[in-house]
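Atoms within each ligand, like the ligands themselves, are counted from 1 in listed order.
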Amino acid sequence: MKITDAKVFVGGPGKNYVTLKIMTDQGVYGLGDATLNNRETLPAAYLRDYLIPNLIGKDPRNSEEIWQFFYRGAYFRGGPIAMAAYGAIDMALWDIKGKLANMPLYQLFGGKSRDGAMVYAHATGADLPDLMDSVARYVEQGYKAVRVQCGVPGMPTKGYAIPETKGGQGDFITDFSGIIPKTEIWDTDRYMRFMPDALADVRDRFGPDIKILHDVHHRLLPREAAEFAKAVEPVGLYWLEDPTPAEDQNALKLIRQHSTTPIAIGEVFNSIWDCNTLIEHELIDFIRIAVTYGGGITPVKRIVDLAGLHHVRTGFHGAPSHSPISMAAQHHLNAWAPNFGIQEYLVLGTPDCDALFPSEHVMENGMVNVSDAPGLGVDFDETEAAKYEYAEGSHPIVRLLDGTLWNY
Ligand code: KDG
Ligand code: MG
């Protein structure tokens, strides 16, 4: 069996999805997602210029060998652009494998460990009453877990992923438009004074059963993060996410020494080498790596197994930049993983998105039920794809009150 061709598509409804389609001499094709949020043209170019020419003629069933060939063969290892490109190839090869076996992927991993996988949505508010309305809407829809972000009074811009005006909610309201980034202003003191009480108010209002998550988005210094994690202990967070940038992994020890609040990290990680110290030293409780930026199913499944040895559960990144293809790969891993925790779920479930990526994965009552179709269980409509083209975008930047550049 041989790979005969592969194509890359960039575009989609409201997002620049990077979709890879690998064709074979037996008519079976596989799909992969290489969407690197706001740097989408780069994995697409890597696939077109270097990787696809090397795929032609290879046996698509040898997904491990092909992954090693690209990862080791590049000489310069890892990085988000390369790993997203390898990730798309790997997903597509697993998709082909599942279709050949006539089995959904979770069966090839070891079968189902659960019927539905719990997901969380993003509740946001320009202020606390606005946030309460947002959480209430998700609770009414049956969500068991919500990530809670709230505008901070007196801060020049409201904070990470917060609408500037009341009722201005969307699934994902950060302004990524345009090639020149928007600027957000951050004031740690105001955040530290306001947010622990705001989280406590959400707990008081919605009771003990709802799982509350909060994303600091790398904004605190390690000492501040330790203070914050300790202050929110009475809230009983399901997790505190990215309290501090994880480049300095030693810094995470300080948080552990001062608090038992569960910590989730890893959405910007690209390899097992980014994860292994935090996992082996048990400095985190949830690993957030995504199958796209993490290089595909093959390496991420290894990370899940390593995490399982150290009581670390999964909480894969699921921002709307991940197309339904990589989300499907995560649904299959979530159905199987003995150490599954939760899945972030924000796919733009619009009619346009469903038309581009037809699938039978079902999200209801805050749970995803994985499709039983062979392979990934997601298709890609090329006629629909022709309607879209690449739109320029960029991540906002963050500055402190005095203009100092800070962590987005
Ligand atoms: O590309 C950046 C986004 O994916 C990120 O800001 C989303 O932090 C995020 C999350 O937890 O979904
Ligand atoms: Mg995050």
* Asked: Do I210 and V146 have side chains that get closer than 4.5 Å, going by heavy atoms?
  -> yes
* Asked: Run the side chain to side chain contact (heavy atoms under 4.5 Å, CB included) check on E227 and H258 step by step: do they pass?
  -> CA-CA 8 Å; E227 183 186 324; H258 291 276; over 6 Å; no
* Structure fact -> Near A319 (heavy-atom distance under 4.0 Å), the atoms of ligand 1 are 4 (O), 12 (O)
* Asked: Under 6.0 Å between the ring centres of Y408 and H218?
  -> no
* Asked: Do the rings of F357 and Y17 sit parallel, tilted or perpendicular, given the 30° and 60° boundaries?
  -> perpendicular
* To do: Run the numbers for me: atoms of ligand 1, each under 4.0 Å from some heavy atom of H395, listed by number.
  => 1 (O), 2 (C)
* Asked: With distance as the sole criterion, is a donor-acceptor pair present between the side chains of Y29 and D5 under 3.5 Å?
  -> no
* Geometric class of the F228/Y191 ring pair [parallel <30°, tilted 30-60°, perpendicular >60°] -> parallel
* Asked: Which atoms of ligand 1 are found less than 4.0 Å from any heavy atom of D215?
  -> 8 (O), 9 (C), 10 (C), 11 (O)
* Structure fact -> The atoms of ligand 1 lying under 4.0 Å from a heavy atom of R288, numbered in the order shown, are 10 (C), 11 (O)
* With the Mg ion (ligand 2) as the centre, enumerate protein N/O/S atoms below 2.8 Å in chain and residue order. => D215 OD2, E241 OE2, E267 OE1
* Asked: So, is S321 polar-close to ligand 1, with some N/O to N/O distance under 3.5 Å?
  -> no
* Asked: Y71 vs Y86 aromatic rings, parallel, tilted or perpendicular, using cut-offs 30° and 60°?
  -> perpendicular
* Structure fact -> Near N37 (heavy-atom distance under 4.0 Å), the atoms of ligand 1 are 1 (O), 2 (C)
* Just which atoms of ligand 1 are under 4.0 Å from any heavy atom in Y160? -> 5 (C), 6 (O), 7 (C), 8 (O), 9 (C), 10 (C)
* Heavy-atom neighbours of D115 CG exceed 12 at 6.0 Å -> no
* H217 neighbourhood, listing ligand 1 atoms whose heavy-atom distance to it stays under 4.0 Å -> 5 (C), 6 (O), 8 (O), 9 (C)
* To do: Would you mind running through ligand 1 and noting each atom that sits below 4.0 Å from a heavy atom of H317?
  => 4 (O), 7 (C), 9 (C), 10 (C), 12 (O)
* **salt bridge (Lys or Arg N to Asp or Glu O under 4.0 Å) partners of R61, counting only residues at least two apart** => D59
* Nitrogen or oxygen of E344 less than 3.5 angstrom from that of ligand 1 -> yes
* Asked: Do E344 and H122 get their side chains close enough for a donor-acceptor pair, meaning under 3.5 Å?
  -> yes
* Asked: So, is Y120 polar-close to ligand 1, with some N/O to N/O distance under 3.5 Å?
  -> no
* Are R302 and E64 close enough for a salt bridge, meaning some N to O gap below 4.0 Å? -> yes
